[in-house]
Amino acid sequence: MAITTTTAMRGPMALKDWAQLLLLGAIWGGSFFFARIAVAEIPPLVLVLFRVAIAALALHLYLGLRGPTFRLALPHAGLFLLLALVNNVIPFSLIFAGQTELGAGVASVLNSTTPFWTLVLANALTSDEKLSWNKLAGIALGIVGTAVMIGPGLLAGLGGPVWAKFALVGASLSYAIALMIARRFKGVPSPVIATGQLTASTIIMIPIVLSHGTANLFSASPPVWAAVLALALLSTAFAYILYFNLVASAGATNASLVTLIVPASAILLGFLFLGERLELFELGGMALIAFGLVTIDGRLFGRR
């Protein structure tokens with residue numbers, strides 16, 4: 001696959017796009033904290049249903065009060081079901097399966113390969129997001145930075161089975177495919193795209209959860225429900241509005257860079273709010289990720 005510098009390529013991200021990317025990374029980094037609390041009392045698949053259903057309901061209320069109308073989503077119903085599968089149902093299931101055998105460190109590094117798969121797909125399927133040396137070098141630096149930042153957690157989980165590692169890579173590839181589908185909603189407002197995807201995800205997840213039984217479905221404690229609401233409203237409803245707005249504004253490849261920021265933000269949030277110690281190797285990994293993002297942007301280093 002040739003590396004090109006076609007004139008159709010997108011330029012560097014605008015400041016507002018960088019702000020949205022960093023905010024989205026921080027929000028999704030916080031989702032691990034909320035999920036860790038919620039999964040202690042709620043089974044994973046049930047948690048997925050609560051997450052997407054509550055978020056979808058909140059966004060429908062938002063559209064009803066503020067607009068635009070959800071009718072804009074109806075002509076794309078089939079595409080929303082496909083987006084829900086590859087952006088929620090399939091990757092969530094693969095990640096849950098893989099993490100039964102792999103440590104969080106390995107899972108984070110494998111998930112951080114999403115920008116690479118997105119870049120490969122975008123080069124093949126789009127005219128404005130082609131491969132470049134800046135993007136390849138920056139993504140490689142980001143993945144290496146993630147591995148360095150995870151440090152001992154990565155080494156502890158390297159011995160997992162091959163199928164589990166392929167499950168995490170499959171989830172990253174699924175996210176990349178979802179970004180290609182998200183590009184097709186041109187002219188559809190981001191809140192409508194987010195609402196359509198989460199509504200479709202809810203429709204898919206309801207029969208899956210019901211098939212496993214409904215005993216003790218709502219028996220969680222108040223602190224756990226608070227975590228579920230934070231996960232659904234902040235880390236899902238609001239986050240996906242940012243995500244789809246970023247795809248429309250900055251492109252699929254740039255939007256996928258959030259997977260490099262999420263592990264760093266999760267560690268920083270743990271340091272700031274949970275009193276966790278920040279190790280030197282973690283700071284080094286974050287520096288590599290930051291250097292990779294600057295390299296991808298292309299303003300500091302000229303495009304080759």
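Remember, it's a predicted structure, so these values are computed and weren't measured experimentally. Residue numbers start at 1 and run along the sequence shown.
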Requested in this report: Taking Ser172 for its side chain and Leu110 for its backbone only, find out whether a donor-acceptor pair lies under 3.5 Å.
Outcome: yes
**Report entry** Counterpart residues, side-chain hydrogen bond (donor to acceptor under 3.5 Å, both in side chains), relative to Trp117 (two or more places apart)
**Finding:** Thr113
Report task. Would you indicate whether the side-chain heavy atoms of Leu59 and Ile241 approach each other to under 4.5 Å? Result -> yes
Query raised in the report: What distance do Arg183 atom CZ and Ile181 atom CD1 have between them, rounded to the nearest 0.5 Å?
Result: 12.5 Å
Requested in this report: Report yes if some heavy atom in the side chain of Leu94 is under 4.5 Å from a heavy atom in the side chain of Val169; otherwise report no.
Outcome: no
Query - Heavy-atom check, side chain of Thr126 versus side chain of Met180, under 4.5 Å - result: yes
Query raised in the report: Can you list every ring pair (Phe, Tyr, Trp, His ring centres under 6.0 Å) pair that touches residues 201-220, not counting sequence neighbours?
Result: Phe50-Phe218
Query - Any residue meeting side chain to side chain contact (heavy atoms under 4.5 Å, CB included) with Pro115, in chain and number order, not counting sequence neighbours - result: Ile139, Ser256, Leu257, Thr259, Leu260
Query - Closest non-hydrogen atom pair, Ala264 against Met286 - result: O-CE, 3.8 Å
Query raised in the report: Any side-chain heavy-atom pair from Leu63 and Thr69 closer than 4.5 angstrom?
Result: no
Query raised in the report: According to the side chain to side chain donor-acceptor pair (under 3.5 Å) rule, which pairs have a member within residues 20-34, sequence neighbours left out?
Result: Gln20-Asn245
Show me the side-chain donor-acceptor pairs of residues 73-90 shorter than 3.5 Å, one per line, residues at least two apart or across chains.
unit_1 : atom_1 : unit_2 : atom_2 : d
Asn87  : ND2    : Gln197 : OE1    : 2.6
Asn88  : OD1    : Gln197 : NE2    : 3.4
Asn88  : OD1    : Ser201 : OG     : 2.7
Asn88  : ND2    : Tyr240 : OH     : 3.0

Query - Under 3.5 Å donor-acceptor, Glu41 side chain and Val224 backbone - result: no
Report task. Treat each ILVMFWY residue as a node, draw an edge where side-chain heavy atoms are under 4.5 Å apart, and state whether Leu272 and Leu22 are in one component. Result -> yes
Query raised in the report: Does any non-hydrogen side-chain atom of Leu246 lie less than 4.5 Å from one of Asn254?
Result: no
Query raised in the report: Judged by atom type as modelled, is there a donor-acceptor pair below 3.5 Å linking the side chain of Ser211 to the main-chain atoms of Ile208?
Result: yes
**Report entry** For Ala56 against Thr195, the heavy-atom pair lying closest together
**Finding:** O-CG2, 4.4 Å
Report task. Could you tell me whether the side chain of Thr118 and the main chain of Thr253 form a donor-acceptor pair under 3.5 Å? Result -> no
Query - Validation row: Leu179, Tyr243 side chains within 4.5 angstrom (heavy atoms) - result: yes
**Report entry** OG on Ser265 to CD1 on Ile27, rounded to 0.5 Å
**Finding:** 9.5 Å
Requested in this report: Using the rule that two of Ile, Leu, Val, Met, Phe, Trp, Tyr join whenever any of their side-chain heavy atoms come within less than 4.5 Å, decide whether Leu61 and Ile54 are in one cluster.
Outcome: no
Report summary line: Between Thr146 and Pro263 the two heavy atoms that sit nearest each other are CG2-CG, 4.2 Å
Report summary line: Nearest heavy-atom approach of Ser249 to Lys16 is OG-NZ, 2.9 Å
**Report entry** hydrophobic_cluster_shared for Ile37 and Val46, side chain cutoff 4.5 Å
**Finding:** yes
Requested in this report: Determine, using the 4.5 Å side-chain heavy-atom cutoff (strictly less than), whether Leu57 and Leu210 are members of one ILVMFWY cluster.
Outcome: no
Requested in this report: Would you mind listing the cluster partners of Val162? Hydrophobic ones only (ILVMFWY), side-chain contacts under 4.5 Å, chaining allowed.
Outcome: Phe166
Query - Donor + acceptor pair across side chains of Lys135, Thr295 (<3.5 Å) - result: no
Query raised in the report: Rounded to the nearest 0.5 Å, how far apart are CZ of Arg51 and OG1 of Thr202?
Result: 12.0 Å
Query - Heavy-atom side-chain proximity of Ile267 to Glu279 below 4.5 angstrom - result: no
Report summary line: In short, Gly142 meets Ile289 closest at the heavy-atom pair O-CG1, 3.7 Å
Requested in this report: To the nearest 0.5 Å, tell me how far Ile203 CD1 sits from Leu198 CG.
Outcome: 11.0 Å
Query raised in the report: Going through the checks in order, is the side-chain contact (heavy atoms from CB on, under 4.5 Å) test met by Leu293 and Trp18?
Result: CA-CA 10 Å; Leu293 293 174; Trp18 277 112; 3.8 Å; yes
Query raised in the report: Between atom CD1 of Ile42 and atom CG of Leu231, what is the distance when rounded to the nearest 0.5 Å?
Result: 9.5 Å
Query raised in the report: Hey, does the side chain of Thr114 reach the backbone of Asn111 with a donor-acceptor pair shorter than 3.5 angstrom?
Result: yes
**Report entry** Ile95 side, atom CD1; Tyr175 side, atom OH - distance, nearest 0.5 Å
**Finding:** 4.0 Å
Query - Heavy-atom pair with the smallest gap, counting every atom of Tyr62 and Pro191 - result: CE2-CB, 4.1 Å
Report task. Flag the pair Pro43 / Leu45 as yes when at least one side-chain heavy-atom distance between them is below 4.5 Å, and no otherwise. Result -> no
Query raised in the report: Side chains of His60 and Thr199: is there a donor and an acceptor less than 3.5 Å apart?
Result: yes
